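Everything on this sheet refers to the single structure shown next.
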Amino acid sequence: MKYKACLFDLDGVLVDTAIYHFKAWRQLGLNFGYQLTEEQNEQLKGVSRVESLDRILAWAGVHASEEDKSKWLTEKNDHYLDLISSMNPNEILPGVSEFLDQLKQQGYLIALGSASKNAQIILEKTGLIKWFDAIIDGNHVSKSKPDPEVFLKGAQALGVAPEECIVFEDAQAGVEAAKKGGMKAIGIGEASVLFEADKVISTFINVKPDSLLTF
Ligand code: BG6
Ligand code: MG
């Protein structure tokens with residue numbers, strides 16, 4: 001087998017938490033009279049919490065004190081935690097469980113490569129955790145995607161080389177991170193947005209590793 005491991009982003013790939021991030025950021029923006037758009041939110045996918053706030057403040061033209069920033073980061077995350085508090089296995093995106101089952105049966109190693117510091121709690125609430133051999137999240141990295149650190153650490157944790165890894169990503173920044181890390185990237189979403197990916201699929205429904213993981 002040419003490829004030994006599959007590295008998954010979490011938000012927007014395995015579960016649809018992207019919508020919860022959007023809701024929480026949009027609500028937060030109202031503190032300083034700013035209405036975040038869906039197009040802007042697209043650029044926040046895969047980007048860390050701190051950097052997301054910095055970008056929103058820049059778009060809004062707001063110069064905030066460190067104290068305000070820290071208060072807003074807490075406010076956003078508290079709202080987000082509230083939104084995800086009732087997550088359950090039903091929120092695993094369609095086709096994902098079947099796809100992960102097949103990967104396991106075929107001997108692939110599976111790791112998480114997420115920018116989120118809330119990844120563990122989401123994996124536990126949804127039951128996704130049972131498929132993962134390694135979890136690298138926002139608590140383990142110092143550089144945000146598009147830096148490849150999160151995926152390189154994932155490969156290292158699994159004991160495989162970057163060239164043996166395939167990354168699944170819904171974010172432009174994540175696809176870029178995978179490519180910079182020397183890995184194949186499969187985009188989940190629209191090809192027009194994820195044009196740097198090696199392949200793009202819109203959903204995992206009826207997707208078979210045998211036919212997808214051929215490069
Ligand atoms: C990424 C999301 O997975 O995690 C981003 O795509 C988010 O939108 C980032 O900002 C950090 O998440 P958290 O849960 O640590 O705020
Ligand atoms: Mg994502």
Side-chain angles (χ1 to χ4, degrees), residues 6-29 36-59 69-85 87 91-93 96 99 111-126 128-129 132 135-151 153-154 166-179 181 183 185-190 193-194 196-197 200-204:
C6 291
L7 310 187
F8 288 86
D9 172 50
L10 175 67
D11 296 318
V13 171
L14 303 175
V15 286
D16 198 7
T17 41
I19 184 73
Y20 299 138
H21 280 296
F22 182 41
K23 275 189 186 161
W25 281 129
R26 203 174 38 186
Q27 177 71 33
L28 185 90
L36 188 72
T37 66
E38 279 190 49
E39 289 70 31
Q40 286 168 327
N41 187 59
E42 191 65 38
Q43 295 172 49
L44 298 181
K45 287 185 180 176
V47 175
S48 75
R49 199 181 310 162
V50 172
E51 205 182 314
S52 296
L53 178 61
D54 283 343
R55 289 195 193 185
I56 294 169
L57 291 172
W59 289 327
K69 283 206 231 176
S70 152
K71 188 183 74 189
W72 287 333
L73 286 171
T74 305
E75 188 177 324
K76 186 271 175 176
N77 197 51
D78 286 349
H79 185 190
Y80 180 69
L81 285 175
D82 194 39
L83 292 171
I84 64 170
S85 65
M87 279 188 87
E91 292 193 53
I92 299 176
L93 284 168
V96 165
F99 188 73
L112 191 82
S114 168
S116 175
K117 292 189 172 176
N118 298 305
Q120 185 82 22
I121 183 174
I122 293 169
L123 290 180
E124 281 168 12
K125 280 188 172 289
T126 54
L128 277 162
I129 199 152
F132 285 84
I135 296 167
I136 306 294
D137 66 22
N139 299 295
H140 306 102
V141 295
S142 55
K143 288 170 252 159
S144 247
K145 299 170 188 176
D147 189 281
E149 183 184 11
V150 71
F151 295 131
K153 282 204 167 155
I166 299 170
V167 169
F168 293 81
E169 257 294 348
D170 71 318
Q172 293 163 349
V175 168
E176 201 182 326
K179 300 309 298 173
M183 302 173 180
I186 297 184
I188 315 299
E190 288 179 33
V193 177
L194 304 172
E196 285 183 86
V200 178
I201 55 174
S202 55
T203 163
F204 281 102

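Just so it is clear, the values below take in all heavy atoms, side chains as well, and ignore hydrogens, waters and symmetry mates. Please read these numbers as outputs of a predicted model, since none were measured by experiment. Sequence positions, counted from 1, serve as the residue numbers for this chain. Atoms within each ligand, like the ligands themselves, are counted from 1 in listed order.
With respect to atom 5 (C) of ligand 1, the closest heavy atom belonging to the protein is V47 O, 3.4 Å. The single protein non-hydrogen atom nearest to atom 16 (O) of ligand 1 is R49 NE, 2.7 Å, given as residue, atom name and distance.
Both the backbone and the side chain of A115 come within 4.0 Å of ligand 1, judged by heavy-atom distances. At a 4.0 Å heavy-atom cut-off, ligand 1 touches H21 through the side chain alone.
Every side-chain contact (heavy atoms from CB on, under 4.5 Å) that I121 has, sequence neighbours left out, goes to I84, N118, K125. By the ring pair (Phe, Tyr, Trp, His ring centres under 6.0 Å) test, F204 pairs with F99, F168, sequence neighbours left out. For D78, the side-chain contact (heavy atoms from CB on, under 4.5 Å) partners at least two apart in sequence or on another chain are T74.
For ligand 1, the atoms closer than 4.0 angstrom to any heavy atom of K45 are 6 (O). Numbered from 1 in the order shown, with element, the atoms of ligand 1 that lie under 4.0 Å from a heavy atom of K117 read 13 (P), 14 (O), 15 (O). Near S52, the atoms of ligand 1 lying under 4.0 angstrom from a non-hydrogen atom of the residue are 10 (O).
Side-chain contact annotation: E176 with Q172, donor-acceptor N/O pair under 3.5 Å absent. Between the side chains of D137 and H140, at least one donor N or O sits under 3.5 Å from an acceptor N or O. With no hydrogens or angles considered, a side-chain donor-acceptor pair links K76 and H21 at under 3.5 Å.
At least one side-chain heavy atom of W25 sits under 4.5 Å from a side-chain heavy atom of R49.
The option from D11, L10, L44 that lies nearest to atom 3 (O) of ligand 1, judged by heavy atoms, is D11. Nearest to atom 12 (O) of ligand 1 by heavy-atom distance, out of G113, G174, S116, is S116.
Ionic pairing of K45 and D9 is not present here: no N-O contact between side-chain nitrogen and carboxylate oxygen is shorter than 4.0 angstrom. Salt-bridge check for E75 with K71: failed, with every basic side-chain N at 4.0 Å or more from each acidic carboxylate O.
Residue contact annotation: A171 has no non-hydrogen atom under 4.0 Å from ligand 1. A heavy-atom separation below 4.0 Å is found between G46 and ligand 1.
Within the protein, the N, O or S atoms lying under 2.8 Å from the Mg ion (ligand 2) are D9 OD2, D11 O, D170 OD1.
Within a 6.0 Å radius of CD in Q43, more than 12 heavy atoms belonging to other residues, nucleotides or ligands are found.
Contact record, D147 with A177: O-CB, 3.5 Å, taken as the closest heavy-atom pair.
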